[in-house]
Structure formats: structure tokens, C-alpha cells
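Working notes, beginning with the structure itself.
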There are 4 protein chains.
Amino acid sequence: MDFNFFKQNNINVDLAVEAHEIVRGQTGQEIPGCRMDKETYTNATVTIVHIEEKYAEEIMGKPRGTYITIEAPAIRENNRQAHQDIVEVLGKQLATLFNLPEHANVLVVGLGNWNATPDALGPKVVGMTLVTRHMYHYAPEEIRGGMRSVSALAPGVLGITGIETAEIIKGVVDRVKPELIIAVDSLASRAVERIGTTIQLADTGISPGSGIGNKRTGINKETMGIPVIAIGVPTVVHAAVIAGETLDRLVETTKNDPNLLAISQKMNSQEFQSIVNEVLKPYTSGQLVVTPKEIDQLIQNTATIIAGGISLALHPAISIQEFANYLH
Amino acid sequence: MDFNFFKQNNINVDLAVEAHEIVRGQTGQEIPGCRMDKETYTNATVTIVHIEEKYAEEIMGKPRGTYITIEAPAIRENNRQAHQDIVEVLGKQLATLFNLPEHANVLVVGLGNWNATPDALGPKVVGMTLVTRHMYHYAPEEIRGGMRSVSALAPGVLGITGIETAEIIKGVVDRVKPELIIAVDSLASRAVERIGTTIQLADTGISPGSGIGNKRTGINKETMGIPVIAIGVPTVVHAAVIAGETLDRLVETTKNDPNLLAISQKMNSQEFQSIVNEVLKPYTSGQLVVTPKEIDQLIQNTATIIAGGISLALHPAISIQEFANYLH
Amino acid sequence: MDFNFFKQNNINVDLAVEAHEIVRGQTGQEIPGCRMDKETYTNATVTIVHIEEKYAEEIMGKPRGTYITIEAPAIRENNRQAHQDIVEVLGKQLATLFNLPEHANVLVVGLGNWNATPDALGPKVVGMTLVTRHMYHYAPEEIRGGMRSVSALAPGVLGITGIETAEIIKGVVDRVKPELIIAVDSLASRAVERIGTTIQLADTGISPGSGIGNKRTGINKETMGIPVIAIGVPTVVHAAVIAGETLDRLVETTKNDPNLLAISQKMNSQEFQSIVNEVLKPYTSGQLVVTPKEIDQLIQNTATIIAGGISLALHPAISIQEFANYLH
Amino acid sequence: MDFNFFKQNNINVDLAVEAHEIVRGQTGQEIPGCRMDKETYTNATVTIVHIEEKYAEEIMGKPRGTYITIEAPAIRENNRQAHQDIVEVLGKQLATLFNLPEHANVLVVGLGNWNATPDALGPKVVGMTLVTRHMYHYAPEEIRGGMRSVSALAPGVLGITGIETAEIIKGVVDRVKPELIIAVDSLASRAVERIGTTIQLADTGISPGSGIGNKRTGINKETMGIPVIAIGVPTVVHAAVIAGETLDRLVETTKNDPNLLAISQKMNSQEFQSIVNEVLKPYTSGQLVVTPKEIDQLIQNTATIIAGGISLALHPAISIQEFANYLH
């Protein structure tokens, strides 16, 4: 038996690799309709999970599509060379997820709250993104050749705007008419070791209930009418997960001792759940997050890397050094 | 003769009282089609300019409508009681500019750039505004009685988003369908003494070319399809204005001396203009702003007052003290 | 048996009321040499713990002195009137902890990191404190009568400065020669319900190992040579505490079931500890904190209240409304 | 005749190259006791002014010493490669100004106000500086070989602390006992074109009255007891300078016309000054600054470059890429 905290709590597992691990852990075998590839780079390991069939979709709790996870512990370090390598891996992987004409119009969306450091990743990326749309029509043809028309938006969070994030984005999409959305979000991970070391790309956009802000409506092809690529970085773990993991590990530890086995037999998920609730009171599950004390450095590093990767992927014919000659 | 710097530079005079002063200064008499009222409070002087006729509209360079200017030097001081008084004056004046049903849906828009202190007023107000829209449908009738459904948006600036601010707002308006927009913006004044001491309310919204960010498209009834009230606070003076004012004053000083009069006879506006351009090079007019060194305190004080005034005006049946019992 | 997580982890219990609860919980009786008073206000409950004897000092893990805890859940609400009430309670309680001449020189120190929202309380309070020292000598006697000479310092955190906070403060104290330090710090609580709802005042200053930043050296009379009053607000709970509390509660739950009792008999603290470590890997205890998602609002509210309370206590003869007439 | 605005206003010319230009402009010949060298790099021009004699000291209004000015317009662009080049030029030039043993102890001081974007350069650099002092004693010998013990401090500004910046630094110096201070400050320039494009290094430290904050006490060898290198970047021009420059240029323009010459003969400096005062009222000279609207980007770029240059100069044996392997 497993406490299976995530199912019990309806906590969305934001990372596909984590969902994959959980499901594999339970069943012990590969998931039908789900395919996994791995690529290794100096400073990054890339895992690509293809969810291809309805069965896999259901068991993984994630829509069909491609989920690319870049694991790069060097993000947490202050190493510029390693960061530059990760920018290139990110740019290359991101480019595999879309197929756009030369002059395509792309909207970068940075989700989250710019006033709260652990949730400020998206707005920070927006501030660092090379936007070109407002000068695109004035630029001479030979420059536009290697660039796309990029705009960016930081819509804010529901608690501050009173408006669903998806509504704001849809309103802007209806006017700007981009051909692709790239949405950047802070994620909640299941494991603290993933905080600030993992980047997930998904061509399925953002599902309802995911991210730190727990969006009520999805930001995806269904709601937006155009493809949405989500770039997510875990910056927190829900406090409830820490509590749940602790119980799970205790049960695991006691499994081999017939006396202690009692605990997992006598207590059910509901009893476990009420212990967790008691610890987190008066907050409800999802309102409390776990984050490193040095979250400011981590957000700064990650935002720089993501903004760089997006620019590389969107403006392929122009080197990052040349940008400045034309723009800003 | 007058150098008439503003006409020459196409610098929009954001404040109606300033436009009024300039026009009055030139003609020496009251402007036909323009009416002015004054009200005096302990900590504020209120000037209400009604632009009523086409002639006044043209000569003032501002659309027909009501412009309320609250002059309150105490904003710059750290006096809580005075600030509370100004909040009440603001709330009362603001309420005269709209006529909305009890359950009306209002969108507060904070223009400007949250990363640059002198332009951060709008986004700060959004962060302090009491938004209710996302919980409005769940609130019991007896509470909703005194409240309106308020949402808020900080769309960012063109240089960061690549999207005209008006486009973003229009997109959101089409989805949220408010009955009124209240748009908060940092203004450029003609006089440094107005920085952080003057609040302008206008039922004509925001004209193209106004504000620090020099919007290319207006945010008004014409572009939005619903009434727009603009709340503006001067936080900067354009550097070009400082240079122009200096020349204007020099000419003024020399007027009474026949020898010195030569200066205003021999030199034309273009020569004056090229002097100003030379001083500001390589920046163009409008890219350089003059702001007090202690701009951070001033933005904090002003944002608090404006957020308070908006809440008072929008939620009349509920005292500001009671809010917290229901919300947040 | 109790897992007694705090002892095992050497996690300092920052709040005296929590230490008191833990000790009382273990022994079931009042602690000799320790005296407790309670006062009740509309929006606040005040608990005053006097640690008077060496025995109490040791068992509580806190030096002899007075610890005032203001519990005020209304801080988390957006209610200005309630906040004003709490400011007054805080000002009054703070004033009981010092006895200073009229013209005394006081240094307010804001500990923490202004770049990371959950640790930004201290620097925010510094930004809002009414400092008078730099204009004190120029002020006329009749004004100085009701004011003290106040200065303020935000020394930063060890990870950014490379210097122990206590060293920086001592250096400044040696030059400014204040007669009292008031040090404001973010605390780590044992209970999430205390986050942003509790203010602790202590005339013993700050002990080594306390606060979010886990100071290595104390900031107290011993190290500074003058009295130090600490004002602390819990803004986080250590992630390790969440895990530990979960285990403690499980043990508690199983106590009454003879079968389940096995768990607390078979497993020792070390086994429990290794479970917690596993959950938090690769972070060590103390590097991960639990914080509400809306931490930005909470820090803003709390800083405003604390800055107000300090001003009330330090400048008794002048009402808060009058300040602005003289200063800033 | 020249209006000679700076002398009249007692505005310190922060940049030695500007003082040099002014003096040269007045006398038309090289200044005795003053020597100037130039070096040219791809993305930077370096001017080294040596003030060697008492006469030059007096006429330039700057103490004897070496002033290195790096002019690099590419700082304002978004070009990473150019930024990296400038970091290297800065690191190399900075290293010529000190001569320290391998294990020397260096304190980096970031002057200015972290809450007001145009004055936030110093504190931003502190946040990005690689501090090593707190882990220096624990690091193995082979690592320490190429590194120095670096600490950093952002003391804040007089208006917020009530304490002279020099006092705070001296207090910390007395405890940390560094062998060198590197002080980073936002400067006021005489020309807007220098904003964010010029970096000045000076081995004379910071004189009283210089910088945006107009320090009342110098931060130099005399006050600190150890060498102080100042790194300054113009981020503003005083508004009074804009007004003064406008008048100066007008006078210049009228010089060749005998009729207009009257203006510079009839009006004296005092009359000019009263015009400037009138334009800036109620602010006094020095309280109003001129800054580009996009000051946030500029501060971010400049801080990154300066922090990089400092690290290169202080830790010569270790490449910037290797740092991350040891530190954080």
C-alpha cells in the first residue's frame, strides 16, 4: 500500500517526469502509450516523455504531448559557462517543439506575481525577453530575415487582478493574433532537489490547477486556439507534500518489520490526511510553499537562462551577439 | 513673443490646469467654452475645469470633458492624518465622475513600468487595490450590497511588451466586460512643484501621446467602448521642459531692456530648439525625465492615497474598516 | 516518548511562548523561575513571559529577561482600523521594555535580505522608520522635546556581505553610540498559524542561531555593550519542522493503540531524523523554509505596523499626525 | 565670459575627464601638473588622468591621484559579447590601481538607495559580488591561492539611515580590517551622453559632496585609514545642470552677434542663477535629477558589468568560469 498523497490531495504533479516516476513506481513496468528518450550533455540531462495514447494520458494525469525535462544542477551554481551551455540546450530543445514560418508572431507570457520572489520567475523572464513586435514593421527586410515578431506579457495573478490569468491572455491573443504562445511559470515540484535545477518544456501548454498559482483554467490550444508551449521551473514544493512524503517514507521504512507494518494496515489515507491538515492549519493545502532561503539568487539565474533560451529558439538566424546592433 | 516650447516640441501638456494656465497666459482672458470651479479643503485645493465647446477643446489641446485637479502638497509629507483627508477628497471627487449601478463591474488599470521607480505608480496602485471580482459571485447578497465587482490590471509598457498598452487593455475589456475603466498613470508635468503634489482626474480617459510612456493610442471611450476615468499624478518633468523653461524665463527677463530685447527678436524658435537638442543629445525629447532623488517615498505615498481613494469611491456602502471582515 | 524534533535538530525555538508550550507540554506543570501574564485587547492578546531564574533559563533555552508576545490574527487582514489598534498595543508594550532619557539616541536595525520577500521584513521596516538623527542637532529645542534621535540600519545577510551581521552592527554602534538598539527580524516559528500573526518583543536581544538567517553571533547586551530589544515576526516555518511535526503527530495518534504503539518503541529519534533528512535532500535543515504564497502582502502589512509601533514608542510626546510637520 | 555654472552652484564635477575638459576649455592649454594618457579597445576608450601637483589639484577641484575613465557606449546596448569585453577592460584597469598581497582582505561598498532605481547601482553590485570572506578560513589552501577574502556592504543613504555613510563604513572597517575598499557609486554627470556609458575609477576614493547622494564626508584614505578605490557610473545629470547648460549654450550662440552680445554683458551670473532657481522651485539645486526613462535596464546592465570587473580584478588566478565550482 502507498499513502499516495498526491491523488488524495488532488495535488497536480506539475512535472511529467515525476508523474512518470510515480506511475512506474506503482506498477513497476513501462506505461503503454508512453515513450521515453534520454539525451546527455555536459551540464544537462534531457528526458523526453511522449504521452501518445489515451491510456497513458489518464494514468499519467497529463494530456497527450511531448514533455521535455532538462535536469541541470549547475543552474544553482554561479558558473556563467555552464549557464551558457544550458541556454543552448534549452534553445535547441525548445525549437523542436514548434514549426513556425520565418516571420511568425510569438507571444511570451510570464505567469506569476512580481512582488513575491518565489513566484516572480515569469514576470522576470518577460522583463528580459527581447521583444521585437513594436519595431518589426519598421525594420528593414534583411534584418527581419533572421528574426520573428515577439511580444511579451506578465498578466499578474488572480489574487491581485481578480481576473483569471487565462482570460487576460485570451483577450490579448485575440488582438495580437500570435501563432504561438510560450508560457513561463513557476512550478511546484514533488522533490526539493528539483527546485531551481529542472526546466520542463511541454507542447501541451498549462493545465488547470497547475503552477504555484493553481490556475483555474488551462492555458493551452483548447482555450487559446493556438499552440501553447509551457516552460516551467520548480521553485517551490507544497508544504503538504513535505508532510505527505514524510509519512510515505515512514510507511516505507516500516514495511519490512511485521510489527510496524501495523501502521500502514491500521491507518488509512484519511487518517494520514487529517494529520497533514492539522500540521498546516489554518492554511489549506496549496497555500503554503517550501522554498530555499536563497530564492532571490535562484530566480535571477533561472530567469536569465530561460530568457536566453527563448531568444535563441525564436531568432535562429541571428547570433545572440548581433541582436544588440539592431535592437533596444 | 513667447518661445512656446510645448507647441514647438509637440510635448503634450498632461495637466488641464497647466494647459489652462498657458492659454490664459497667452490670451490674457477667460477661454470661451471653458468653465472653471474651485473648492478648498484643509489639505487640498480642488480645481475643476470643464471643457465644453469645440473652440476650447482645440485651444486647450484636450478633449471636451471634466478635469479635476487636486493640489495637495501634504502628499509629499509623512503626515498620515493629512493623507487620510486627501484620500477622502479624492474618493468624493472621483465619485462625481461616474454614475454606476450598485453591482457595476469596474476595471482599474495601472499604467507604467514596475521596474523603474519613477514610472511605477500605476502598477503599485494595482497591487494595493481591493479587487473583488473573483469572489463576487460567491459573496452573499448582503455583502455585495455595498460593493462593486472590481478587477485590476498592470499591462506593462511598450518597450517591455512590444504591444500597445491600449491593445492589451482592449483585449481584457472585451472579456471582462467592465462598465467603467479607471486608469492610473504617471504624468509628466510642466512644473517641478507639481511632482507628487497634484492628482488629476479626467472623465475623458487618456489621450494619445500623454503620460511618461507617451502612449501611441488613446485609452478612452472611443477606443475602449466604455467610459474611462484617468487618474494621473505628475512624477516627472521632461528634461526638455527644464531647458525650454529656462529659455522662456530668460526671454521674459530681457523683455524690459531694449538692448536685451534683441535676443527674442534675432533668435527664432528653431534656434532655441536646436540649443535644447544640443543639451539633451544623444537622447531625443521625451526620453529624459527629471525626478526628485527621493522618488521612492513619493511613489509609495501617492500609490497608497490613490488606492484608498479608488476603494472609497467604488464601495460606498462599506466603510474602509469593514472591508477586511469580508475580503482578502 | 516524544520525538522532540527541535532538540534533535538543534533548531532554535525563536518564540518564547512556543518554548514555554513545549516545556509545559513535557513536564505538565508550571516552570519554576518563570512567570507568565496575559493582557487582552480588542485586536490582540498579549502574553508576557518573564524568565527569572537560571533553571528556567536552561530549560527554556532562552536567556533571562522579558518576552512579550502579541498575537493579532488581524495583521493578516486588510483592516486599517485593526492595524492601527495593533500599532498602539505594540507601541505601548515596546515602551515598557526600556527606560530612556528624553534625548536618547536609538538605533533601529532591520535584519534580513531585501531581495528575498520572506526575509525582507527588517529592511522594509528600516525604510519606513522615521529617522531623526541627521537633523536632530538642527531642530529647535521645542521640537526635540518630544522626540528622540533615531537612526536605522539594514546590514544585509551573511551570504551577501560575507560579514557577520553582529560585526557590522557593532562597528556602527561604536561610532553612533546609541543607548539602545531595537533589532527587527523575521523569525522561524514552530507553527504555521503564527506566520504573520504574532509579534514577539524581547529585552534580551537576539541569540546566536535564531531568525531565518541563523545568526552565528548574538546581537545582545553582551555583544553590543548596550541594551538590545528584539522585535521578531514569524514569516516562515522551517521545512524540517513540518516534517518533524508530522511524525510527532503520527506518534501521538498511535499512542492509544497498543499495536501501533510499536512505532514509537521500535523507531528512535535517529531513524525519524534520517527520514526527515531524506525528504529534504539535498538541502540541510534550515535552508528550506515554508511560507504562504501571499507573503508579499503579509510582509508589507507587518512592516507598516512595526514601523508605526516603533515610532509611537520612541517619540511619546508627539502624535503620529504631527510628525510630518517637522520632519522628512 | 562663461556662465561657469558649476563653480557658481558649487556642483561638484564628479568625473575627472569633465573637470579636465572644463579647465582646458577655459584656459585653452594643458594643465601643468596634470598628465593624460589614452588607450583604445574594441568596445571602450580609456582615458587616464594623473593629477600630480598641487596646482592641478586646485584648478581641477580634485585630489592628487589617478582617474581612469572608461567610455563604452555599448553598455547601453544589449550586446553580451561587448559587455564581456568591457568587463575585461574594467578588470584590467582596476587591477592597475592597487597592489595587494595574495591573501588580501578587500571590502566592496555599494553606495546608494536600493529602493530608487536611479540610485540603486551600488546596492545592486553588492548583491552580485562574489563574497568569500565568510568561507575563506574553511577553504583549502589550493583554492585560496587564487582568491582574495572579499566582503561587501550596502550601507544605505543618509535620508533612510540618519547616519553619514562614511560613519557606517568606518565602523565596519574598524572591525573587518580590510586592506582596501572598493566603493561603487552612482555619479551625477555634466553631460547626458555619459549616463550609463562611462565608468570612472579613481584611487583617491570619494570626495565630500560627490555622487547622487552628495556625501557630507569623504570616503577616502584620510577618513578610512586605508586606500579607497572609487568606481563611479553617471546615472543622472542634475536638473540644474540642464538649465545651466542651456544658458551657457545660448551665450555661446550669441557671442558672434554684437547686438546679442549684450546679454552676456548685461546679465551676470547671479541673474542667470536666479532664473535657474525659479525653474527648479521648490526644489533646491541637487534634489532634482535627470535620468533616462529606461533607467531600470541601464542599472541592471551596468551593475552586471561592474560586479564582473571587480571579481576579475580581485581573484586573478581563477577564471570566472571556475568560481562556481568552489563558491556561491
Side-chain angles (χ1 to χ4, degrees), chain C residues 105-110 113-116 120 122-137 147-178 213 215-217 223-224 287 307 314 327-328, chain D residues 105-110 113-116 120 122-137 139 147-178 213 215-217 223-224 307 314 327-328:
Chain C
N105 181 356
V106 180
L107 175 65
V108 175
V109 174
N113 178 0
W114 53 81
N115 288 320
K124 280 238 176 223
V125 169
V126 164
M128 295 172 174
T129 294
L130 198 59
V131 299
T132 54
R133 180 176 172 274
H134 56 314
M135 36 182 73
Y136 202 70
H137 297 295
M147 281 168 36
R148 292 201 176 91
S149 169
V150 175
S151 52
L153 183 76
V157 292
L158 182 62
I160 284 176
T161 63
I163 313 171
E164 275 285 316
T165 310
E167 282 184 278
I168 297 176
I169 300 170
K170 182 65 168 96
V172 174
V173 162
D174 285 349
R175 300 201 67 85
V176 173
K177 303 205 183 305
K215 284 89 203 162
R216 297 200 291 209
T217 310
T223 58
M224 295 296 145
Q287 288 184 313
L314 291 183
L327 290 171
H328 202 348
Chain D
N105 180 356
V106 180
L107 175 64
V108 175
V109 174
N113 178 358
W114 52 81
N115 288 321
K124 279 240 176 223
V125 169
V126 163
M128 295 172 173
T129 294
L130 199 59
V131 300
T132 54
R133 180 178 173 272
H134 55 314
M135 36 181 73
Y136 202 71
H137 297 295
M147 281 170 34
R148 291 202 176 90
S149 167
V150 175
S151 52
L153 183 74
V157 292
L158 181 62
I160 285 176
T161 63
I163 313 172
E164 274 286 317
T165 311
E167 282 185 278
I168 296 177
I169 300 170
K170 184 64 168 95
V172 174
V173 162
D174 285 349
R175 299 200 67 84
V176 172
K177 302 203 185 306
K215 283 92 203 159
R216 297 201 292 208
T217 309
T223 57
M224 294 297 146
L314 291 183
L327 293 170
H328 196 348

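The structure presented is a predicted model; accordingly, all values stated were derived computationally and were not measured. So you know, we letter chains A, B, ... as the sequences are listed, proteins then strands, and number each from 1.
- Side-chain contact between V131(D) and I160(C) is absent, with no heavy atoms from C-beta onward closer than 4.5 Å.
- Using a 4.5 Å cut-off between heavy atoms, L107(D) contacts chain C through its side chain alone, with no backbone atom that close.
- Comparing V176(C), D174(C), L158(C) by heavy-atom pairs within less than 4.5 Å of chain D, the highest count is held by L158(C).
- Under a 4.0 Å N-O distance rule, the pair R133(D)/E167(C) qualifies as a salt bridge.
- To the nearest 0.5 Å, atom CD1 of residue I163(C) and atom CZ of residue R175(D) are 11.0 Å apart.
- Between chain C and the residues G127(D), P155(D), S151(D), A154(D), the most heavy-atom pairs under 4.5 angstrom are made by S151(D).
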